[in-house]
Protein chains: 2
Amino acid sequence: MKLSTKGRYGVAAMYDLALHYGEGPISLKSVAIRQEISEHYLEQLMGTLRKSGYVKSVRGAQGGYALTKEPSQISVGDIIKVMEGPIAPVDCLLTDDTANAYCQRAGDCVTRGVWVKVRDSINGVLDSISLADLCEEEKK
Amino acid sequence: MKLSTKGRYGVAAMYDLALHYGEGPISLKSVAIRQEISEHYLEQLMGTLRKSGYVKSVRGAQGGYALTKEPSQISVGDIIKVMEGPIAPVDCLLTDDTANAYCQRAGDCVTRGVWVKVRDSINGVLDSISLADLCEEEKK
DNA sequence: AATAAAACCTATCGCATTACTCGGATAAGC
DNA sequence: GCTTATCCGAGTAATGCGATAGGTTTTATT
C-alpha cells in the first residue's frame, strides 16, 4: 500500500505552487530545488498536471507554471488521482460493475466489501484536504 | 495505492480457514482450489502466516492448516500487516520519529500530515473488520 | 538580432519488486 | 512402504518505477 513518487512529488509541487499563488509563473527549476525533486522528472509530472487542467504554463524566459484555480478549489485527492490513477486497493474495483473482467464472483465476493471500504476511506481523507488547507498548516 | 496479491490472497486464505474453523486441519490444496490461488505460491504465504502465529499446521497425510485463534480475534488488518508490512503510504512514516532517515524536514513537513491521516484511516478500516465479520457477511 | 531561460517532447535504461514456478526434503497417516 | 501432505530455498519472467539523456520550441531580455 505505497504511494509512488508521482503522487508524492505531484502533491509537493502543487503545494509549492499554492504557496506562490498569485505571483505569476513559477519556474519548474525553483520548485524542483525547493522540493528536492529531479528537475527532468518533475517536468514529466507537470506535463500530466497541465494536461489535466490543474496548472497552466508560460513558455520562454521568465516562464513557469501556475495553478489554474484557487488553492481551496484543488484537493490532494484531485492530484493523486491524476498522478496515480483512481484509488483502487485491488483491480476488481476498477469497474463499478459488480460483474467484471477481474473477478467472476465479484457479485458475491465477501472480501470485495473490505476493499470498497478501504477505498472509500482513503478517498474521504484525500478529498477533504485542499491545497489551501496545507498552506494554512504551514503558517503555524 | 495497490494491495499486492500477498495481502489479497492472505485474506482470502484466512477467510477460507475461518469458514472451516473447528473442522480440523484444512489442506492447502483445497484452499488453493476454492480461492483460485496457485498452490505453490499459497504455500509461501501460509509459511508467513504460520511464522506470525495466526495459523498452525499439521504435517503428513490428512494434514493442513487451521487458525490458532477464533475468527473474531483475527482482523483483516492483522493479516495485511503480516503479509505486506506496516501500512505506510510513504516511507517517511516507517519510523514514528518525526526526525528520521527518510526525510530531513519530517518535523515541519506539511504533506506528511496528509499521509498520516491516510494511514490512520486505512488502519481504522482494516482493524475494525474481523474474519468472523466476513463469515457473517457470507451467510446473507 | 543574439542570447539565455524556460517549457516541451520522446526515448531509453537500470533496478527492484512481484508473482510466480521448480525441485526437492521431511513428516505422518494408512 | 506408499501416499498425502507440509516445508524449504532457489530461480525467473514480466512489470513498473524513477529517473536520465538529448534534443526542439518559445519568449523575455540585452
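So you know, we letter chains A, B, ... as the sequences are listed, proteins then strands, and number each from 1.
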On DNA chain D, nearest-nucleotide positions of A:Tyr41 versus A:Gly60: which is more 5'?
A:Tyr41

When you match A:Ala61 and B:Gly63 each to their closest nucleotide on DNA chain D, which lands nearer the 5' end?
B:Gly63

DNA chain C: 5'-proximal contact among A:Gln44 and A:Arg59 (nearest heavy atom):
A:Arg59

Spacing of [X] atom [atom1] relative to [N] atom [atom2], expressed in whole Å:
| X | N | atom1 | atom2 | value |
| --- | --- | --- | --- | --- |
| A:Glu43 | C:dA6 | CD | C1' | 9 Å |
| B:Arg8 | C:dT18 | CZ | C1' | 12 Å |
| A:Leu42 | C:dA6 | CG | C1' | 14 Å |
| A:Glu39 | C:dA7 | CD | C1' | 10 Å |
| A:Leu17 | C:dA7 | CG | C1' | 14 Å |
| A:Leu49 | C:dC8 | CG | C1' | 15 Å |
| B:Leu45 | C:dC20 | CG | C1' | 10 Å |
| A:Lys51 | C:dA7 | NZ | P | 15 Å |

At less than 4.0 Å, is any side-chain N or O atom of [X] found next to OP1 or OP2 of [N]? Yes or no.
| X | N | value |
| --- | --- | --- |
| A:Arg50 | C:dC8 | yes |
| A:Tyr9 | D:dC17 | no |
| A:Lys6 | D:dC17 | yes |
| B:Ser57 | D:dA5 | no |
| B:Ser4 | C:dT17 | no |

With heavy-atom distances below 4.5 Å as the criterion, would you say the side chains of [X] and [Y] are in contact?
| X | Y | result |
| --- | --- | --- |
| B:Ser38 | B:Leu42 | no |
| A:Val11 | A:Met83 | no |
| B:Val110 | A:Glu136 | no |

Describe the nucleic acid contact of B:Gly64 in one word from base, sugar-phosphate, nothing, applying a heavy-atom distance below 4.0 Å.
sugar-phosphate

Minimum-distance nucleotide (side-chain atoms of A:Gln62 versus D:dG22, C:dC20, D:dA28):
D:dA28

Regarding B:Asp91 and A:Arg8, does a basic nitrogen lie under 4.0 Å from an acidic carboxylate oxygen?
no

Is there a donor in the side chain of B:Gln73 and an acceptor in the side chain of B:Ser130, or the other way round, less than 3.5 Å apart?
no

On a plain distance test, is the side chain of A:His40 in donor-acceptor contact with the base of D:dG18 below 3.5 Å?
no

